[in-house]
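Below is one structure; the comments refer to it alone.
Numbers restart at 1 for each chain; the letters A, B, ... are given by sequence-line order, proteins then strands.
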Amino acid sequence: MKKIDQEIVRESKMEELAQEGIELFPHKVKKTHSIFDIVSGFSSFSKEELEEKKVKVIVSGRIVTIRRMGRATFFHIADSQARVQVYLREDKVGKKNYKLFSLFDIGDIISVEGFLFETKTGELSIFTDSFTFLAKCLHPLPEKWHGLQDVELRYRKRYLDLIVNPEESEVFRLRSALISKIRQFFDQKGYIEVETPMMHAIPGGALARPFKTFHNALGIDLYLRIAPELYLKRLIVGGFEKVYEINRNFRNEGISSEHNPEFTMLEFYQAYSDYNDMMVLTEELINFLSLSILGLEEVVFGEEKISLKRPWKRMKFKEALVLYSGIAPSRFEDEAGVIELALTLTPDKKSLTYGKALDIIFDKYVKHNLIQPTFIINLPKEVSPLAKASKDNPDEAERFELVMGGMEIANAFSELTNPAEQRERFEQQAEERKKGSEEAHWIDMDYIQALEYGLPPTGGEGIGIDRLVMIFANRKSIREVIFFPLLRPK
RNA sequence: GGCCCGUUAGCUCAACUGGUAGAGCAGCGGACUCUUAAUCCGCAGGUUGAAGGUUCAAGUCCUUCACGGGUCACCA
């Protein structure tokens, strides 16, 4: 890559540092405080208190601003959480060191040692007596005022985004807190966290196209998992009554502001419960997350306010269709008509079943209207091959989707426990595969055998963590909540 | 994959119906010991995403391509 003049300047400054005997890549540095410790611990102190206490600190960070004024210089050092001002004066550090500092640039990482004080303008700062070079930044950083705006660059070079747009790091701190609180929630309820395979010989547990790979030693095709579901239920068969897993799923489908090919899924299963229990648990979980992270039972999402006060609305799938689709209720009785309508919405599809057609109409006309958290219950059995049928209506499944912010956040059901019925459902799916539906479920005989050993009544659920973070962090694109979203290599 | 939009200095953005590619920040040189988007003086920085084409003349119009964003489709 061609070097620009500023890069050449920075390189020659680094050479000069070396000539001055400065260690360019030091091994270790002393540190008494983080920048955050200083800002949070001493901001409330008055000028006089600081002078009296003479707090000595050794702190490291990246130089993000420099204001040189002859024999004195102010600069800020920062990490992803906080920034603090440093005051450097020639009479304090000596002529030689002061001159050395002219070889430092915005972006360099240094350690400074000094006493805390307050400037005339009232900013908590470090009056430094010495500083240590830690790392050179060989490229100029984006502009201090606007930061890095180019979304493509922000995603491709997330480290740059984090350096110059510190508010972006808040999204990821929130994400981390959310996952940590999820673990706390389930652990307290006696769940155990488990890990199941991410490489499957038979990809299952969802309706989606998988990524395919090959294992050399075994000489077999393997697939990156599209869901952990079937393995987690095997663990229920094995006697673990409450399990959860938080990890990546991989789906070889389109990319959009709501879809990344790899995404983080929370799945949890509880023996001796059903989908109604899962609804209560879900409300409890997300309400808890909101209260413990945001301190509120409400989140702002775009133009909307989402209330997380319990209980949340429960609405039958078909009722939601009638209420939001704008299609006359009587038309839903006409199966052929519904299929025809759905086909016009998805020109790529050649044929559809009634249940699939309803699902398409739901996604198209209903989902985006559901901003407040809503459990859409009793989805068509046809599109739910792993769920128990409803007692009252054999065409419906004991299944719900949680929709909020116009997005599907969770999907849960009373797990199908009857091995013979599971086998029939798989066979139906196999028929659909034959007809060209690449996302239809495979037949997993080992899973059926696991069911034959006896799966107790079980409720299970998956929650899309990335989308939940989107809502909590008020971001409209999934790429804003994933450090390194998938982009085409340049 | 279809359609729409975008791509100009390291970054953020200008450049009217085609007529000499500019500014701010960052950088370099100089002044400056409480500044904070520091200030003041000066300087440098460009294959306008790529390749073709139209034209006396293209950042601007046309074609193709690349990457991204939005949207539709696919897909929980």
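- Contact annotation: side chain of A:Q85 to base of B:U35, donor-acceptor pair present below 3.5 Å.
- Here A:N252 lies out of heavy-atom contact (under 4.0 Å) with every strand.
- Nucleic acid contact class of A:E253 (heavy atoms, under 4.0 Å, all strands): sugar-phosphate only.
- If you check every strand for non-hydrogen atoms under 4.0 Å, A:Q6 touches a base.
- Among the protein residues, A:E401 comes within range of the nucleic acid bases, having at least one heavy atom under 4.0 Å from a base atom.
- A:E258 comes within 4.0 angstrom of nothing in the nucleic acid, heavy atoms only.
- Note on A:K144: every side-chain N or O is 4.0 Å or more away from OP1 and OP2 of B:C11.
- Within 3.5 Å, a donor on the side chain of A:H259 pairs with an acceptor on the base of B:C75, or the reverse.
- A sub-4.0 Å separation between OP1 or OP2 of B:C28 and a side-chain N or O of A:K13 is present.
- Evaluation of atom-type donor-acceptor distances gives a pair under 3.5 Å for the side chain of A:R67 against the base of B:U35.
- Using a 4.0 Å heavy-atom criterion, one finds that A:E123 contacts the bases of the nucleic acid, with or without backbone contacts as well.
- The residue A:G147 sits close only to the backbone: its heavy atoms come under 4.0 Å of sugar-phosphate atoms, none of a base.
- Between the side chain of A:E143 and the base of B:A26, no donor-acceptor pair under 3.5 Å is found.
- Across all strands, A:Y155 comes closer than 4.0 Å only to sugar-phosphate atoms, never to a base (heavy-atom distances).
- The nucleotide B:A14 finds no pairing partner, because no Watson-Crick or G-U wobble arrangement with both distances shorter than 3.5 Å includes it.
- Looking at heavy-atom distances under 4.0 Å, A:R479 makes contact with sugar-phosphate atoms alone, never a base.
- With A:Y231 as the aromatic partner, A:R234 meets the cation-pi criteria of under 6.0 angstrom to the ring centre and within 45 degrees of the ring axis.
- Within the 4.0 angstrom heavy-atom criterion, base atoms lie near A:R68.
- No donor-acceptor distance shorter than 3.5 angstrom exists from the side chain of A:R10 to the backbone of A:D105, with no hydrogens or angles considered.
- Note on A:E439: only backbone sugar-phosphate atoms sit closer than 4.0 angstrom, heavy atoms only; bases stay farther off.
- Contact annotation for A:Y98: no contact, since no heavy-atom pair falls under 4.0 Å across all strands.
- Checking the phosphate oxygens (OP1, OP2) of B:U33, no side-chain nitrogen or oxygen of A:R89 falls inside 4.0 Å.
- Using a 4.0 Å heavy-atom cutoff across all strands shown, A:T65 reaches no nucleic acid atom at all.
- At the heavy-atom level, A:H76 lies under 4.0 Å from base atoms of the strands shown.
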